[in-house]
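Worksheet: one structure, shown below.
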Amino acid sequence: MTARDWAMVLFLGAIWGGSFFFARIAVAEIPPLTLVLFRVAIAAAALHIYLAARGPSFRLALPYAASFVALALLNNIIPFSLIFAGQTELGAGIASVLNATTPFWTVIIANAATSDEKLSWNKIAGILLGIAGTAVMIGPGLLAGIGGPVWAKLALIGAALSYGFAGVFAKRFRQVPPTIVATSQLTASTLIMIPVVLMTSGAGNLFVASPPVWLAVVALALLSTAFAYILFFSIVASAGATNASLVTLVVPVSAIVLGAMFLGERLELFEVGGMMLIGLGLVTIDGRLIKRR
């Protein structure tokens, strides 16, 4: 990756780390599926305003309508729902660390589904380290009943797996402007989630939340979704799905710092150990540091 690609990855990691912080605040008062709807709807509206003012035309998305529905499911609806459900029980820090397994799934899926991102020895070693790190994070808590319920941790792993499929699927949009990709998937997500939320929660209590929670929702939608996805698809187009997924190496740092400073969170010792293994696995997959050494 170029220096510009790395700068975008680091910036995006900080922004997405904030998404776990904002979500942890919001799920205290807003049900997970309703929060998914607010996140995608507000972000989609913001991006439509951006396109109307700056271009390009949203009509560019129409030939890819069916593909954007699939991307909406893989990159928004499924992972957001699983993350928000898991964060009803888990703090921002541990949620972001489990989400950091995304590159391992991306590497495996990209190897099977693409011709230009095949497995190498460093990627295989990185995957094994990532699996070990995930086992360390989940195993002791399962045995001792600490660190949050196992189902919540598995929900975050499921979200990471969905992101892995989305990262590879998103490569087909390389010729589409990133703003169009981001706006289209969020628009499709909104159209899908409106009937889902109305059927599951009704319309009566949709807007019942305190002002701090609404601030978190707006930040989650505008900063950590609308703006963040423009960055993400720019990285995918420029550096590939696997390199784009390395953003999850930065996300836990941002989420852990915010959780510790403002939410009083702390990680268990075994969770820190698992995080270190996951981080080492990501560095191994990237391979650049090993080559320089």
Side-chain angles (χ1 to χ4, degrees), residues 1-13 15-16 39-41 43-80 102-103 105-120 123 160-192 221-248 250 285-286 288:
M1 293 195 294
T2 65
R4 179 176 179 273
D5 291 331
W6 273 113
M8 289 193 295
V9 166
L10 293 174
F11 187 37
L12 180 58
I15 292 173
W16 268 342
R39 180 177 186 177
V40 298
L47 288 178
H48 275 288
I49 294 172
Y50 177 87
L51 289 180
R54 299 284 300 273
S57 172
F58 187 68
R59 288 193 295 271
L60 294 174
L62 297 181
Y64 303 92
S67 295
F68 281 127
V69 170
L71 185 63
L73 291 169
L74 292 173
N75 213 30
N76 290 163
I77 294 173
I78 294 174
F80 288 176
T102 295
W105 306 116
T106 304
V107 168
I108 295 171
I109 296 165
N111 178 73
T114 69
S115 59
D116 59 342
E117 296 191 45
K118 294 299 184 181
L119 285 175
S120 58
K123 290 181 179 180
L161 179 60
S162 186
Y163 279 139
F165 279 105
V168 175
F169 188 77
K171 292 180 67 176
R172 68 183 57 202
F173 303 111
R174 279 179 171 172
Q175 305 304 316
V176 182
T179 49
I180 294 293
V181 178
T183 306
S184 300
Q185 67 157 3
L186 289 166
T187 301
S189 297
T190 302
L191 294 175
I192 294 170
L222 296 182
L223 180 63
S224 298
T225 308
F227 179 66
Y229 271 129
I230 294 175
L231 275 181
F232 173 75
F233 288 115
S234 297
I235 297 169
V236 170
S238 174
T242 300
N243 284 329
S245 68
L246 291 175
V247 68
T248 49
V250 185
I285 286 175
D286 181 51
R288 293 174 182 82

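Hydrogens, waters and symmetry mates play no part in the numbers below; they use all other heavy atoms, side chains included. For clarity, every value in this text was computed on a predicted model and none was experimentally measured.
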Quick check: closest heavy atoms across [X] and [Y], and the distance to 0.1 Å?
| X | Y | value |
| --- | --- | --- |
| Ala182 | Tyr229 | CB-CB, 3.7 Å |
| Ala188 | Ala72 | CB-CB, 3.8 Å |
| Ala221 | Ala43 | O-CB, 3.3 Å |

Residue pair Val181, Ile230: steps toward the side chain to side chain contact (heavy atoms under 4.5 Å, CB included) verdict: CA-CA 8 Å; Val181 178; Ile230 294 175; over 6 Å; no
Polar side-chain atom of Ser184 near backbone of Phe68 as donor-acceptor pair, under 3.5 Å: no
Donor-acceptor pair, side chain of Asn111 and main chain of Ile108, under 3.5 angstrom: no
Residue pair Tyr64, Val176: steps toward the side chain to side chain contact (heavy atoms under 4.5 Å, CB included) verdict: CA-CA 10 Å; Tyr64 303 92; Val176 182; 3.7 Å; yes
Residue pair His48 / Thr183, side-chain donor-acceptor N/O under 3.5 Å: no
How long is the span from the [atom1] atom in [X] to the [atom2] atom in [Y], to the nearest 0.5 Å?
| X | Y | atom1 | atom2 | value |
| --- | --- | --- | --- | --- |
| Leu47 | Phe58 | CG | CZ | 10.0 Å |
| Gln185 | Ile77 | CD | CD1 | 10.0 Å |
| Arg59 | Ile180 | CZ | CD1 | 10.0 Å |

From CA spacing to verdict: side chain to side chain contact (heavy atoms under 4.5 Å, CB included), Phe80, Asn75: CA-CA 8 Å; Phe80 288 176; Asn75 213 30; over 6 Å; no
Test item: [X] and [Y] side chains (from C-beta on) under 4.5 Å apart, heavy atoms:
| X | Y | value |
| --- | --- | --- |
| Leu51 | Pro56 | yes |
| Tyr163 | Thr106 | no |
| Ile235 | Asp5 | no |
| Ser67 | Phe169 | yes |
| Phe233 | Pro177 | no |

Candidate list Thr190, Asn76, Thr225, test side chain to side chain donor-acceptor pair (under 3.5 Å), partner Arg39, passing option: Thr225
Ring-ring centroid check Trp16 Phe232, cutoff 6.0 Å: yes
Within 6.0 Å of CZ in Phe165, more than 12 heavy atoms from elsewhere: no
Audit row: Leu161, Thr102, side chain to side chain contact (heavy atoms under 4.5 Å, CB included) steps and yes/no: CA-CA 6 Å; Leu161 179 60; Thr102 295; over 6 Å; no
